[in-house]
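The next block holds one structure in the form of structure tokens; read it before the comments.
Counting starts at 1 for both ligands and their atoms, in listed order. Reckoned from all heavy atoms, side chains included, excluding hydrogens, waters and symmetry mates.
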Amino acid sequence: MARHRVLAFCGSLRAESSNMGLLRMAERLAPPQLSIEVADWAAGLPLYNPDFEGDVPQVGQRWRAAVVAADALILGMPEYNHGPSAHGKNAIDWVSRPYGSHELRGKTIAILSSGERGGGRHMQAWLGPILSSLGNTVIEDPSVTIINGADRITVHGATNDPEIEELVAAKMRNLFERLQRPG
Ligand SMILES: Cc1cc2nc3c(=O)[nH]c(=O)nc-3n(C[C@H](O)[C@H](O)[C@H](O)COP(=O)(O)O)c2cc1C
């Protein structure tokens, strides 16, 4: 059966990030046909500036190349003031330019989020349509929006709540199934 290249990005820069933990959990629970790279090095992306286009910094080049090479993305994205974190949105902006030949299109994308009271549902309601408008397919089900996730998930992806693991595993199964479908 075909293997699929999946790039995982974390929108939190916090050392003990629970959203990074969700990515590690996804790596552990995903079907073996998903070959997942957690792009922890993307924490070094500078704020996007169109002036870079003449001489793109190395980490920007690496991020763009990694997105091009991937069949799918997993975004571990915290909710900041009902939207994605600045770092997460910045990473998306990086691969949305140059307009018309941008890297972030035709990808299948799963968003996982760990927030506080909202769990990230407000952020996902914004981010899903943004990614769709760039030409990507967002896996909607099941919604992975973990309330008070920082208290429940370690940065290494451990949790003592089996429901969180089941949600993440189901999201990865649905991502895999979508990648198996033609078109
Ligand atoms: C600036 C800021 C704004 C936040 N706004 C929200 C919010 O609107 N909704 C929410 O559920 N959590 C909010 N939070 C909480 C974070 O989503 C929460 O701390 C999350 O677990 C951080 O992810 P991490 O463990 O990966 O760092 C906010 C945190 C910060 C720092």
So, does S17 use its side chain to make a donor-acceptor pair with the main chain of R14 at under 3.5 Å?
no

Let me confirm one number: the CG-CD1 distance from L75 to I92, rounded to the nearest 0.5 Å.
6.0 Å

A student checking ligand 1 against G119 at a 4.0 Å heavy-atom cut-off should list atoms 11 (O)

Element-labelled atoms of ligand 1 that are located less than 4.0 Å from some non-hydrogen atom of P78
22 (C), 23 (O)

Can you find an N/O atom of E16 closer than 3.5 Å to an N/O atom of ligand 1?
no

Counting heavy atoms only, which of E79, E116, R117 comes nearest to atom 28 (C) of ligand 1?
E79

What atoms of ligand 1 come closer than 4.0 angstrom to any heavy atom of N19?
23 (O), 24 (P), 26 (O)

Within a strict 4.5 Å, meaning less than it, do heavy atoms of the K107 and V67 side chains meet?
yes

Which atoms of ligand 1 are found less than 4.0 Å from any heavy atom of R14?
24 (P), 25 (O), 27 (O)

For Q124 and T145, does a side-chain donor sit closer than 3.5 Å to a side-chain acceptor?
no

Tell me whether R117 contacts the main-chain N or O of I147 through its side chain, where contact means a donor paired with an acceptor under 3.5 Å.
no

How close does the nearest protein non-hydrogen atom get to atom 8 (O) of ligand 1, and which residue and atom is it?
H82 N, 3.0 Å

Of A150, G118, S114, G120, the residue with the heavy atom nearest atom 20 (C) of ligand 1 is S114

Which residue is it: D161, I146, L112? I am looking for the one with a side-chain contact (heavy atoms from CB on, under 4.5 Å) to L167.
I146

Aromatic rings F52 and Y48: how do their planes relate, parallel, tilted or perpendicular, breaks at 30° and 60°?
perpendicular

Residue portion contacting ligand 1 (non-hydrogen atoms closer than 4.0 Å) for S12
side chain

Identity and distance of the protein heavy atom lying nearest atom 25 (O) of ligand 1
S18 OG, 2.6 Å

Would you say the ring centers of F9 and H87 fall short of 6.0 Å from each other?
yes

Nearest protein heavy-atom contact for atom 26 (O) of ligand 1: which residue, which atom, what distance?
S17 OG, 2.6 Å

Out of N148, L23, N81, I147, the nearest non-hydrogen contact to atom 1 (C) of ligand 1 is supplied by N81

